[in-house]
Peer 1: 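Supplied in structure tokens, the structure appears directly below.
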Amino acid sequence: MHDSSDDPRIKELIGAILRTATGAFDTYLEPSSQRDGIDAIIAGFNAMSARLSELYGRLDEQVTRRTAQLESAGEQLRILAYTDPLTGLANRSELGRHLDSQLAAVSRGEPASTLLVLDLDSFKLINDTHGHHLGDQVLQELTRRMRGIVRDTDLVARLGGDEFALLVHLPDSEAPGFAERLLAGLNQPMLLESIVVNPGVSIGYAPADAALDAEQWIRQADTAMYEAKRSKTDKVQRFAQHMLVERITKSRLIADLRNAVRTEEIYADYLPIVDLASSGVLAYKARARWDHPENGLIPPETFVPLAKEAGLLPAVRHRMVRSTLADFASWRRSAQISADCRLHLNINHIALREDAFTGQLAEQLAELELPAENLVLEVTEGHFISEDGEELRNMHRLKELGIKVFLDKFGAGYSSFGYLARLPISGIKLDKSLTNGIHKDPVKLEVLRAIVSMADALELECVAVAVRTDEQAQALQALGVRNAQGYHVGASAKRA
């Protein structure tokens, strides 16, 4: 009988099994002609090896496919991480990488470059008027124009909102010309959905400096851009160190202002409005003042724009209304003022858009037992009041309550009596540009004569401001102006 343990096929079979265990799934054994039990085992092994080879091939394909998918997903994530989704431009992170690289190149003595930051001047107005959908189209059109202006080697990025940055490989000497060409190209009107918009652009730029890091470089160009935004004429500005100092100072003042509206630092002082004929006090004009603990008295022309920029105007207004009404109620109770003496108080036109404003004012007057007829709200004439908007509806509500509304700084804005006739107002306050030098300017005198006559025809009270000399007072009185305020007729008499 044959001893199978000496059969060489057994050794071949064991070796094949070991090779298969190491991953050699293509191992194949040739069966013998004996067709015995060992051959049956070899046939089974070959079938198993073939099956394993097939499964491994499929697995390898799946691994390859999944690897490609993962690599594609990783690339998409990288694109998302460094690309603005709306415009397809580089985002702030991607810009930072390029700035770091460029600053390193400059430190090695390679050619310098310039960073420009630009911002739209009226983007919020476009969004508010036409909707965010059109605003997005404005940003996309702006992107298309910028790409058409820069070279392939330059980088355009969106920093966020309506703020963009351009890294251009130009020396500082060529940057002004490029910035002006960019401004001209971007300031062309846009026709979007049959609507013509011209958002306006402000540009600031700063040359590369190896001593800076990426964020400092962005901050320099951004600071120059804000300087351009403040200017009415020079919409391209190169960074200068004094701009950064001013910006830091401004940021600190805004931070201080946030605290001031919660304390006694913001207060009111009061300027008398008098009858020119009798010199009797008819009213007091409340004026906001800021007594800064370190910088002393800061005038409203300085801190009111800061409050507007920081969104603090409603808080300043709330404090002024609350404190001045309380002062006035106290003076009436103690008989410091006559019963018919009025309080004049400036309000921003934004207040007239708030549904709750008139109701809150009525509640405060009732709580303090102040007659509504003794309150005059002054609205700056330079802010157009639409005939079908919330401002006009609130003005009518104020009139129904008995509160008077005066148009302040008349003559510096629309100056249309047809416009005035449609507004529920009780008076106008002449802009100081009309009253300054009136006694020695015959043209200005005739202009004022016409204004006073028209005001009388519309039964509007007319108050002159900034009356500083006896000559001014006499000329105004001769024209028929009955009431005036200014340091000639009465200095600040009270403080809250």
Peer 1: Counting N and O atoms only, with roles assigned by atom type, does the side chain of Thr114 sit under 3.5 Å from a partner on the main chain of Val168, one being a donor and the other an acceptor?
Peer 2: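 Checking the backbone N and O of Val168 against the side chain of Thr114, no donor-acceptor pair under 3.5 Å is found.
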
Peer 1: Using only heavy-atom distances, determine whether the side chains of Asp136 and Gln140 contain a donor-acceptor pair under 3.5 Å.
Peer 2: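 No, no side-chain donor-acceptor contact under 3.5 Å.
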
Peer 1: Do any N or O atoms from the side chain of Asp275 and from the backbone of Ser278 form a donor-acceptor pair under 3.5 angstrom?
Peer 2: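 Checking the backbone N and O of Ser278 against the side chain of Asp275, a donor-acceptor pair under 3.5 Å is found.
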
Peer 1: Is the count of non-hydrogen atoms from other residues, nucleotides or ligands lying under 6.0 Å from Lys399 atom NZ greater than 12?
Peer 2: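 12 or below, so no.
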
Peer 1: Any non-hydrogen side-chain atom of Thr380 less than 4.5 Å from a side-chain atom of Asn348?
Peer 2: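 No. Closest side-chain heavy atoms not under 4.5 Å.
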
Peer 1: I'd like to check the side chain to side chain contact (heavy atoms under 4.5 Å, CB included) partners of Pro293; sequence neighbours left out, ordered by chain and number.
Peer 2: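 Side chain to side chain contact (heavy atoms under 4.5 Å, CB included) list for Pro293, sorted by chain: Glu265.
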
Peer 1: Using the salt bridge (Lys or Arg N to Asp or Glu O under 4.0 Å) rule, collect all pairs that involve residues 114-124, keeping only residues at least two apart or in two chains.
Peer 2: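 Every pair satisfying salt bridge (Lys or Arg N to Asp or Glu O under 4.0 Å) with a residue in residues 114-124: Asp119-Lys229, Asp121-Lys229, Asp121-Lys235, Lys124-Asp128.
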
Peer 1: Write down the atom of Ala484, the atom of Leu276, and the distance for their closest heavy-atom approach.
Peer 2: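 Answer, listing the atom of Ala484 first, then Leu276: CB-CD2, 3.8 Å.
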
Peer 1: Would you list the pairs meeting side chain to side chain donor-acceptor pair (under 3.5 Å) in which at least one residue belongs to residues 188-197, sequence neighbours left out?
Peer 2: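 Every pair satisfying side chain to side chain donor-acceptor pair (under 3.5 Å) with a residue in residues 188-197: His133-Glu193, Gln137-Glu193.
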
Peer 1: Carefully, step by step, assess Thr87 and Asp84 under the rule side-chain hydrogen bond (donor to acceptor under 3.5 Å, both in side chains).
Peer 2: CA-CA 6 Å; Thr87 62; Asp84 173 61; 2.6 Å; yes

Peer 1: Restricting to side chain to side chain contact (heavy atoms under 4.5 Å, CB included), what partner residues turn up for Ala184, sequence neighbours left out?
Peer 2: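 Partners of Ala184 under the side chain to side chain contact (heavy atoms under 4.5 Å, CB included) test: none.
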
Peer 1: Are Leu448 and Leu476 close enough, and set up right, to give a side-chain contact (heavy atoms from CB on, under 4.5 Å), and what steps lead you there?
Peer 2: CA-CA 9 Å; Leu448 262 180; Leu476 289 165; 4.1 Å; yes

Peer 1: Got Phe410 and Ile451 here, is their nearest side-chain heavy-atom distance under 4.5 Å?
Peer 2: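 Result yes, sub-4.5 Å side-chain heavy-atom pair found.
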
Peer 1: Find out whether Cys462 and Ile428 are in side-chain contact, i.e. whether some heavy atom of one side chain is under 4.5 Å from a heavy atom of the other.
Peer 2: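 The answer is yes; the side chains approach within 4.5 Å.
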
Peer 1: Does Arg247 CZ have over 12 foreign heavy atoms under 6.0 Å away?
Peer 2: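 Yes.
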
Peer 1: Atom CG in Asp172, atom CG in Asp209: separation rounded to 0.5 Å?
Peer 2: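 CG of Asp209 is found 10.5 Å from CG of Asp172.
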
Peer 1: Can you find a pair of side-chain heavy atoms, one from Leu166 and one from Asp154, that are under 4.5 Å apart?
Peer 2: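 The answer is no, as the side chains (C-beta and beyond) never meet within the 4.5 Å cut-off.
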
Peer 1: Find the distance between CD1 (Ile273) and CZ (Phe406) and round it off to the nearest 0.5 Å.
Peer 2: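 These two atoms lie 7.5 Å from each other.
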
Peer 1: Looking at Arg145, I want to see if its CZ is surrounded by more than 12 non-hydrogen atoms of other residues, nucleotides or ligands under 6.0 Å.
Peer 2: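 Enclosed.
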
Peer 1: Please report the shortest heavy-atom distance between Ala283 and Cys341, naming the atom on each side.
Peer 2: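 For Ala283 versus Cys341, the nearest heavy atoms are CA-SG, 3.9 Å.
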
Peer 1: Arg258 and Ala310: which non-hydrogen atoms are nearest, and at how many Å?
Peer 2: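 The answer is NH2-O, 3.7 Å.
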
Peer 1: If you round to the nearest 0.5 Å, how far is CZ of Arg158 from CG of Leu89?
Peer 2: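 Answer for the CG-CZ pair, Leu89 versus Arg158, is 8.5 Å.
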
Peer 1: Tell me whether the count of non-hydrogen atoms from other residues, nucleotides or ligands lying under 6.0 Å of CD in Glu301 goes above 12.
Peer 2: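 More than 12 heavy atoms, drawn from other residues, nucleotides or ligands, come within 6.0 Å of this atom.
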
Peer 1: Closest heavy-atom contact between Pro424 and Leu392?
Peer 2: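 So the two residues come closest at CD-CD1, 3.5 Å.
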
Peer 1: Mind checking the CG-CG spacing from Asp162 to Leu120? Nearest 0.5 Å is all I need.
Peer 2: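 One finds 4.5 Å between CG of Asp162 and CG of Leu120.
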
Peer 1: Check whether any side-chain N or O of Ser231 sits under 3.5 Å from a backbone N or O of Ala228 as a donor-acceptor pair, and report yes or no.
Peer 2: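 A pair under 3.5 Å: no.
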
Peer 1: side-chain contact (heavy atoms from CB on, under 4.5 Å) with Phe164: which of Ile203, Leu159, Thr143, Val117?
Peer 2: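 Option passing the side-chain contact (heavy atoms from CB on, under 4.5 Å) with Phe164: Thr143.
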
Peer 1: Is any side-chain heavy atom of Arg333 closer than 4.5 Å to one of Glu369?
Peer 2: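 Glu369 vs Arg333: side chains apart.
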
Peer 1: Any donor-acceptor pair under 3.5 Å linking the side-chain atoms of Lys444 with those of Asn436?
Peer 2: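 No, because no side-chain N or O of Asn436 sits under 3.5 Å from a partner of the opposite role on Lys444.
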
Peer 1: Are Leu325 and Leu375 side-chain neighbours, meaning at least one heavy-atom pair lies under 4.5 Å?
Peer 2: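 Side chain of Leu325 against side chain of Leu375, heavy atoms only: contact under 4.5 Å found.
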
Peer 1: So which heavy atom on Ala112 is nearest to which on Gln102, and how close?
Peer 2: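 The answer is C-NE2, 4.2 Å.
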
Peer 1: Whether the side chain of Thr129 engages the backbone of Ile126 through a donor-acceptor N/O pair (distance < 3.5 Å, no angle test) should be reported.
Peer 2: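 The answer is no, because no donor-acceptor pair under 3.5 Å joins these two groups.
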
Peer 1: Before we go on, tell me: are the rings of Trp217 and Phe239 under 6.0 Å apart, centre to centre?
Peer 2: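 Ring centroids of Trp217 and Phe239 are no less than 6.0 Å from each other.
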
Peer 1: Specify the closest pair of heavy atoms between Pro305 and Thr302, including all atoms of both residues, with the distance to one decimal.
Peer 2: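 The answer is CD-O, 3.5 Å.
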
Peer 1: Nearest 0.5 Å, please: how far is CD1 in Ile266 from CZ in Arg262?
Peer 2: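 These two atoms lie 11.5 Å from each other.
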
Peer 1: Please assess Lys285 against Asn346 for the test side-chain contact (heavy atoms from CB on, under 4.5 Å), listing each intermediate value before the final yes or no.
Peer 2: CA-CA 8 Å; Lys285 168 65 181 289; Asn346 272 111; 2.8 Å; yes

Peer 1: Do any N or O atoms from the side chain of Asn483 and from the backbone of Ala464 form a donor-acceptor pair under 3.5 angstrom?
Peer 2: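 It does not hold such a pair.
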
Peer 1: Give a yes or no answer on whether the side chain of Thr83 reaches the backbone of Ala90 with a donor-acceptor pair at less than 3.5 Å.
Peer 2: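 The answer is no, because no donor-acceptor pair under 3.5 Å joins these two groups.
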
Peer 1: The criterion is side chain to side chain contact (heavy atoms under 4.5 Å, CB included); which residues satisfy it with Ala366, sequence neighbours excluded?
Peer 2: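 Scan of Ala366 (side chain to side chain contact (heavy atoms under 4.5 Å, CB included), adjacent residues dropped) gives none.
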
Peer 1: Does a donor on one side chain sit under 3.5 Å from an acceptor on the other, for His344 and Glu378?
Peer 2: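 Yes.
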
Peer 1: Tell me if the CZ atom of Arg322 is crowded by more than 12 foreign heavy atoms within 6.0 Å.
Peer 2: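 More than 12 heavy atoms, drawn from other residues, nucleotides or ligands, come within 6.0 Å of this atom.
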
Peer 1: Is any side-chain heavy atom of Ile195 closer than 4.5 Å to a side-chain heavy atom of His130?
Peer 2: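 Yes, at least one pair of side-chain atoms sits under 4.5 Å.
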
Peer 1: What do the steps show when you test Ser426 against Val376 for side-chain contact (heavy atoms from CB on, under 4.5 Å), and what is the final call?
Peer 2: CA-CA 9 Å; Ser426 301; Val376 178; over 6 Å; no

Peer 1: Side chains of Val316 and Val304: closer than 4.5 Å at any heavy-atom pair?
Peer 2: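 The answer is no; the side chains never approach within 4.5 Å.
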
Peer 1: Who pairs with Glu400 by side chain to side chain contact (heavy atoms under 4.5 Å, CB included), at least two apart in sequence or on another chain?
Peer 2: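 Testing Glu400 for side chain to side chain contact (heavy atoms under 4.5 Å, CB included), a comparison that skips the adjacent residues, returns none.
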
Peer 1: Under the 3.5 angstrom rule, does the side chain of Arg219 hit a backbone N or O of Ala214 as a donor-acceptor pair?
Peer 2: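 Absent.
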
Peer 1: To the closest 0.5 Å, what do you measure between CG (Leu142) and CG (Leu186)?
Peer 2: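 Leu142 atom CG to Leu186 atom CG measures 5.0 Å (nearest 0.5 Å).
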
Peer 1: What I want to check is whether the side chains of Ser453 and Asp456 have a donor and an acceptor closer together than 3.5 Å.
Peer 2: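 Not at all, the side chains of Ser453 and Asp456 share no donor-acceptor pair under 3.5 Å.
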
Peer 1: Could you go through Lys440 and Glu471, starting from their C-alpha distance and side-chain angles, then the distance that decides it, and tell me whether this counts as side-chain contact (heavy atoms from CB on, under 4.5 Å)?
Peer 2: CA-CA 9 Å; Lys440 52 186 178 182; Glu471 290 84 0; over 6 Å; no

Peer 1: Is a side-chain donor or acceptor of Asn394 paired with a backbone partner of Leu352 at a separation under 3.5 angstrom?
Peer 2: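 Yes, Asn394 side chain to Leu352 backbone: donor-acceptor pair under 3.5 Å.
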
Peer 1: Between Glu94 and His98, does any side-chain donor sit less than 3.5 Å from a side-chain acceptor?
Peer 2: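 There is such a pair (donor and acceptor under 3.5 Å, judged by atom type) between the side chains of Glu94 and His98.
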
Peer 1: Does the Arg342 side chain pair with the main chain of Tyr284, one donor and one acceptor, at a distance under 3.5 Å?
Peer 2: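 A pair under 3.5 Å: no.
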
Peer 1: Distance-only, no hydrogens or angles: does the Asp256 side chain make a donor-acceptor pair with backbone N or O of His292 under 3.5 Å?
Peer 2: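 Answer holds: no.
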
